[in-house]
Amino acid sequence: MVEWHPLRTPTVRPVPEPVATGFVCMAAFAGSCLLVAVLGAVGGLSSPSLALGALCGLAVLLGLPARFRAAPGIALVCWLFLNNFAIAPRGELSWEGRLDAARLVLLLAAAFLGTVLARIMHAHGAHHRVTPRRERQ
């Protein structure tokens with residue numbers, strides 16, 4: 001038998017609301033700036049692939065609380081910091097064709113991966129909050 005519970009009752013919590021896109025893009029700007037500065041301080045900017053990997057990790061983390069429409073903004077901001085400060089010539093925005101397109105696609109995929117992982121985790125948690133224990137076993 002199915003038991004219906006309103007989702008707004010205190011015993012059953014709904015899926016959390018994603019963070020606003022503007023706030024996520026601002027966090028991407030601040031996080032990318034801080035990450036590139038830390039990488040520069042420890043000598044991690046000598047390898048562009050290390051900087052790309054670190055910024056992809058940041059994009060995944062920023063994608064977790066975000067909406068899907070925030071992913072292109074996250075990827076673009078991370079790519080701008082990667083291109084301007086982590087890859088030679090530093091301080092100069094440039095486009096290297098397929099290489100930069102691949103970097104941008106990789107950052108976009110990382111941001112989308114974060115949002116997909118968050119949706120799966122929230123759906124799994126909501127299922128466990130809504131489904132009675134005897135039906136889950």
Side-chain angles (χ1 to χ4, degrees):
M1 177 174 202
V2 176
E3 294 180 30
W4 294 98
H5 297 281
L7 291 178
R8 297 291 177 192
T9 60
T11 58
V12 181
R13 296 175 304 206
V15 175
E17 187 70 26
V19 178
T21 303
F23 183 76
V24 172
C25 288
M26 185 178 62
F29 184 84
S32 296
C33 182
L34 183 66
L35 184 63
V36 169
V38 168
L39 284 174
V42 297
L45 293 181
S46 59
S47 171
S49 59
L50 177 67
L52 179 63
L55 285 168
C56 280
L58 178 67
V60 168
L61 288 176
L62 288 170
L64 289 174
R67 290 178 161 82
F68 280 109
R69 66 178 174 220
I74 294 169
L76 184 63
V77 169
C78 289
W79 176 79
L80 285 172
F81 273 92
L82 177 72
N83 196 344
N84 275 332
F85 302 112
I87 298 173
R90 291 193 176 110
E92 195 174 304
L93 186 61
S94 63
W95 181 260
E96 294 181 20
R98 289 187 177 145
L99 189 59
D100 275 328
R103 291 174 183 148
L104 196 53
V105 166
L106 190 62
L107 286 164
L108 184 62
F112 275 126
L113 175 69
T115 56
V116 167
L117 285 175
R119 296 303 170 263
I120 291 171
M121 290 186 315
H122 292 319
H124 184 265
H127 170 72
H128 282 286
R129 286 190 298 269
V130 173
T131 307
R133 287 186 190 252
R134 64 180 181 272
E135 290 182 18
R136 276 190 269 159
Q137 297 172 353

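Side chains included, hydrogens not; waters and symmetry mates left out as well; all remaining heavy atoms used.
Heavy atoms only, all atoms of each residue included: Ala28 and Leu62 are closest at CA-CD1, 3.3 Å. Closest approach of Ile87 and Pro48 over heavy atoms only: CG1-CB, 4.0 Å. Closest of all the heavy-atom pairs between Ala110 and Cys56 is CB-O, 3.5 Å. Here the closest non-hydrogen pair linking Ser47 and Ser49 is OG-OG, 3.0 Å. Residues Val19 and Arg67 approach most closely at O-NH1, 3.5 Å, considering heavy atoms. Scanning all heavy atoms of the two residues, the minimum distance from Ser32 to Phe81 falls at CB-CD1, 3.5 Å.
When the side chains of ILVMFWY residues are joined at heavy-atom separations under 4.5 Å, either directly or via intervening members, Leu61 and Leu82 end up in two distinct hydrophobic clusters. No continuous path of hydrophobic side-chain contacts links Val36 to Val42 [ILVMFWY only; heavy atoms under 4.5 Å]. Residues Leu58 and Leu64 do not share a hydrophobic cluster, defined by chaining ILVMFWY side chains whose heavy atoms lie under 4.5 Å apart. Transitive grouping of hydrophobic side chains (ILVMFWY, heavy atoms separated by less than 4.5 Å) brings Met26 and Val77 into a common cluster. By the rule that hydrophobic residues join a cluster once side-chain heavy atoms approach within less than 4.5 Å of another member, Val60 and Leu106 end up as members of separate clusters.
One distance of note links CG of Leu108 with CG of Leu113; it measures 11.5 Å at 0.5 Å rounding. Atom CZ of residue Arg90 and atom CG of residue Asn84 lie 11.5 Å apart, to the nearest 0.5 angstrom. For the atom pair CG (Leu34) and CG (Leu39), the distance works out to 9.5 Å, reported to the nearest 0.5 Å. A distance of 6.5 Å separates CE of Met121 from CG of Leu117, quoted to the nearest 0.5 Å.
The one candidate from Ile74, Leu55, Asp100 that meets the side-chain contact (heavy atoms from CB on, under 4.5 Å) condition with Trp79 is Asp100.
Side-chain contact check for Phe85 versus Leu80: every heavy-atom pair is 4.5 Å or farther apart. Within the 4.5 Å cutoff, the side chain of Leu52 has heavy atoms near those of the Leu107 side chain. No side-chain heavy atom of Arg103 sits under 4.5 Å from any side-chain heavy atom of Asn83.
Within a 6.0 Å sphere centred on CZ of Phe23, heavy atoms belonging to other residues, nucleotides or ligands number 12 at most.
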